[in-house]
Each structure stands twice: as structure tokens, then as C-alpha cells.
Amino acid sequence: MNTAPIKKRYYFISALVIMLGFLLLFLPFRKNVNQLSPENLLLSITNNDRFYTTDEVAKLIILGDPSIQLIDVRTPEEFEKYSLQGAINIPLANILDEDEEGYLEWEGYLNQDIKTNIFYSNGSVYANQTWMLLKRLNFPNNYVMKGGLNKWVETIMRPEKPVSSAEDDLWTRYEFRKGASIYFGGGSVLSSDNTQGNKKKAPIKKKKKKAGVDGGC
Amino acid sequence: MGPLITQGIISPEWNPMIAFIVGIGFGFALEQAGFSSSRKMIGIFYGYDMIVVRVFLTAVLTSAIGLLFFNYLGWVDYDLLYVNPTFIWSAIIGGLFVGLGIIMSGFCPGTSFSALSIGKIDAMAFVGGIALGVFFYAETFELIFEKLYKAGNWGNVRIYETLGISPGLFIFLFIIFGIGLFWFTIYVRKKFSNRDLKY
């Protein structure tokens with residue numbers, strides 16, 4: 001084997017690379033945070049796309065729609081007392097908990113594009129806060145049940161009879177709510193006892209985050 | 001903007017397809033550079049051929065510099081890049097075994113496949129060995145390897161974070177190191193290439 005002469009372009013490449021490196025020394029490192037910009041967040045907050053009404057939620061539950069996942073963001077004690085059928089409990093305070101590997105513990109549920117998550121709390125506030133946190137993290141498919149459980153009780157469990165002169169629409173809705181009320185076992189329309197919710201709970205299985213792609217030579 | 005798939009600019013379904021295309025390109029590059037020859041690969045250890053070091057150094061420096069500039073221009077979100085978690089003990093011990101395997105066979109896992117595809121018989125034996133090793137490892141994982149595998153988890157660390165310096169400074173130091181190594185390989189090659197090596 002002969003010793004090849006050192007090529008001129010090696011000098012050139014070395015100089016170029018060192019120069020680029022020198023430049024990088026002074027360029028600021030941009031710390032990108034993968035969050036929604038305030039303008040876009042405002043836009044999403046002001047439009048009401050994120051809401052499901054209690055009627056819609058009731059319908060989805062009754063139809064047994066497999067594409068929705070109800071998520072109760074109240075405390076475990078409250079969840080234990082009463083929860084919607086098929087709901088799982090992820091308390092707002094724990095929503096950003098990390099597992100031992102530093103991933104978000106609930107990310108399997110919250111950051112996915114298969115199911116439609118619908119959050120609810122007693123009112124709308126906690127559910128909205130949850131939604132906003134996840135919106136800022138750019139997690140898709142998260143929605144809020146408008147009015148929360150208070151509205152749920154008011155509209156589904158104890159629907160109010162419209163006045164007799166009311167439009168047909170209102171009557172149709174009332175009929176649906178009456179049926180739903182019976183379905184959810186909150187007693188009949190007449191009963192005011194609504195603490196007997198359907199206690200059937202889905203087992204909570206934590207989903208594993210997808211493993212990244214490994215590389216190698 | 002980037003990474004394109006994580007940001008949803010390219011849908012994740014394309015992942016295997018892109019991997020396939022990049023894989024073909026990678027194999028082609030390996031073959032073009034002559035890496036499917038075990039003599040070339042093994043040359044690093046005997047000092048008569050340093051092309052492997054130079055090619056990989058160039059690739060590493062190019063992508064590191066490119067990524068940092070992309071980050072500066074806002075084209076790539078650094079936080080979204082996947083970083084392999086560091087399990088320090090399995091990395092060290094596994095690395096030693098891979099090194100031993102490379103010296104013994106003259107292939108690294110990637111190059112063995114490119115050598116296999118041009119019909120080298122020793123590469124076929126090597127790939128068979130990989131398959132056996134993978135099978136053995138998987139079957140005895142809980143029995144033997146699990147403790148080692150999980151020991152010393154440092155998480156998804158980046159080296160500049162561990163050292164507590166800025167990425168720019170680290171890359172600069174790395175470039176100095178890389179260029180130094182580059183010229184060193186030329187020096188080593190000059191020194192050794194005239195010797196009579198029996199291989």
C-alpha cells in the first residue's frame with residue numbers, strides 16, 4: 001500500500017468545520033418549548049369547539065360508543081361516591097405526574113389519536129383547566145362536558161318538564177332526557193335521589209408510551 | 001417545524017416507509033464506502049485503514065452541526081428529538097461485547113447486512129450468530145440480564161446537560177476533538193500502512 005498524499009480538501013473541510021463550530025459557540029441555543037402560542041390558545045379558548053353537552057354525552061354513553069373515554073378529573077373520593085358510567089379517574093392534581101422514567105404517567109390516555117377524551121368535574125372549571133393544560137401541551141382529542149356533573153344532574157337525572165306551549169324540539173329533548181334518566185338509574189323522573197349513580201367502573205390500565213426508534217450502525 | 005413526524009407534518013404511518021428508504025440509502029453508503037469488507041472494518045484496530053473512523057466522524061459532525069443550526073433557525077425542536085435513555089452499565093458492558101464481536105468478525109451489525117446482501121458467506125454466519133444471540137438474550141432476559149439491563153438508569157440525558165455546558169460549547173469542543181482525531185488517523189495510517197501485515 002502506498003501512502004497517499006494528504007488531500008488539499010481535507011484542510012479546507014477541517015477549516016470549514018472549525019469555523020462553523022466557532023459560529024455555533026456564539027449563536028444562542030433556542031429552547032423550544034412545544035407549547036401552543038398564547039394567540040392560538042386564546043383562539044381555542046374563545047371558540048366552543050371543546051364542549052360536549054350533557055345530552056350528547058348521555059347519548060354517547062347509551063349508544064355505547066367505543067370511541068369516547070370519559071375522564072373524571074375530581075378527587076378519588078368524589079369519584080368513588082359518584083361517577084359516570086365507564087369513566088376513569090385522573091384527578092386534576094395528578095394530571096402531570098411523571099413515572100420513574102420521566103414520562104407523563106397518563107400520557108397514554110391523554111396524548112393519543114384514537115379515543116375522544118371527555119373531561120368532567122362538578123362544574124366546568126376543573127375540567128376546563130385540565131383541558132387548557134393539555135391544550136398547551138398540544139395533546140389532541142380532548143374535550144369538556146359543558147356544565148359538568150351539576151348540569152348532568154339538572155338535565156339528565158332530573159329533567160325539567162317544558163311548559164305545554166313549548167316548541168316540539170324542547171319536548172323531544174325532554175323525552176330523550178326522561179329516557180336517559182331511567183337508563184342511568186338515577187331513579188325515575190319523579191325521584192330526586194340522584195346519588196345512586198351507575199357504579200360500573202372501567203378498570204384503569206396505564207398504557208405504555210410508545211417506545212422510540214432505536215438506532216445503531 | 002421539525003421533527004416532521006412528531007409534529008404531525010408527515011403522518012406516523014410513513015415511519016416504516018421512511019425507515020425503509022433511509023435504510024436502503026444507509027446500506028448503499030456502507031457498501032460504497034467499502035464497509036462490507038471486513039478487512040476495511042478491522043483496519044481501525046490494526047491501524048492500516050482508518051476510513052471507518054473518518055466516515056463516522058464526518059457523519060456525526062455533519063449531523064451535530066446541522067442539527068444545531070436547524071435549531072437556531074427554528075426548523076427543529078430540540079426537545080422533541082428522541083434521546084435513547086442511558087443505562088450506563090449495560091452500555092459499557094454491551095459496548096465491550098460489541099467491540100469484541102467486531103474485532104473477531106470484522107463486521108459491525110449494520111455492515112454485516114450489507115456484506116450479506118452481496119453474498120459474503122462469513123457475513124451470513126455473522127447474521128446467523130446475531131439471530132442466535134438475540135434469541136438467547138430474549139429467552140434468558142429475566143433470568144440473567146434483567147438486573148444488568150436496568151442498572152444505572154440515567155434517563156434521557158444529553159451529554160452537554162450532564163457536563164453543565166451549553167450545546168454550542170460542547171459541539172465546538174467536539175469538533176476540535178473530531179478534527180484532531182481525523183488528522184491523527186491520517187498520521188496513524190501513514191505510519192502503519194507500509195508495514196507488512198498478515199491478514
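Here is how names work: the chains are called A, B, and so on, in the same order as the sequence lines, proteins then strands, and each is numbered from 1.
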Asker: Which atoms of Ile65(B) come close to chain A, meaning under 4.5 Å heavy atom to heavy atom: side chain ones, backbone ones, both, or neither?
Answerer: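 When you check distances to chain A, atoms from both the backbone and side chain of Ile65(B) fall under 4.5 Å.
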
Asker: Could you look at Ile171(B) and say if it's the side chain, the backbone, both or neither that has a heavy atom under 4.5 Å from chain A?
Answerer: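 Ile171(B) touches chain A through side-chain heavy atoms alone.
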
Asker: Let me check something: any side-chain donor-acceptor pairs from residues 115-127 of chain B under 3.5 Å, sequence neighbours excluded? List them with distances.
Answerer:
from: Ser117(B); atom 1: OG; to: Phe113(B); atom 2: O; distance (Å): 3.4
from: Ser117(B); atom 1: OG; to: Ser114(B); atom 2: O; distance (Å): 2.8
from: Lys120(B); atom 1: NZ; to: Ser36(B); atom 2: O; distance (Å): 3.1

Asker: Do Phe184(A) and Trp152(A) make the cut of ring centroids closer than 6.0 angstrom?
Answerer: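 They qualify: ring centres under 6.0 Å apart.
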
Asker: Is Ser181(A) reaching over with its side chain to a backbone N or O of Arg177(A), donor-acceptor style, under 3.5 angstrom?
Answerer: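 No, Ser181(A) side chain to Arg177(A) backbone: no donor-acceptor pair under 3.5 Å.
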
Asker: Decide if the gap between the ring center of Phe139(A) and the ring center of Trp131(A) is smaller than 6.0 angstrom.
Answerer: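 No.
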
Asker: Under a 4.5 Å heavy-atom cutoff, which of Val83(B), Thr58(B), Ile175(B) has the most pairs with chain A?
Answerer: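 Ranked by heavy-atom pairs under 4.5 Å with chain A, first place is Ile175(B).
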
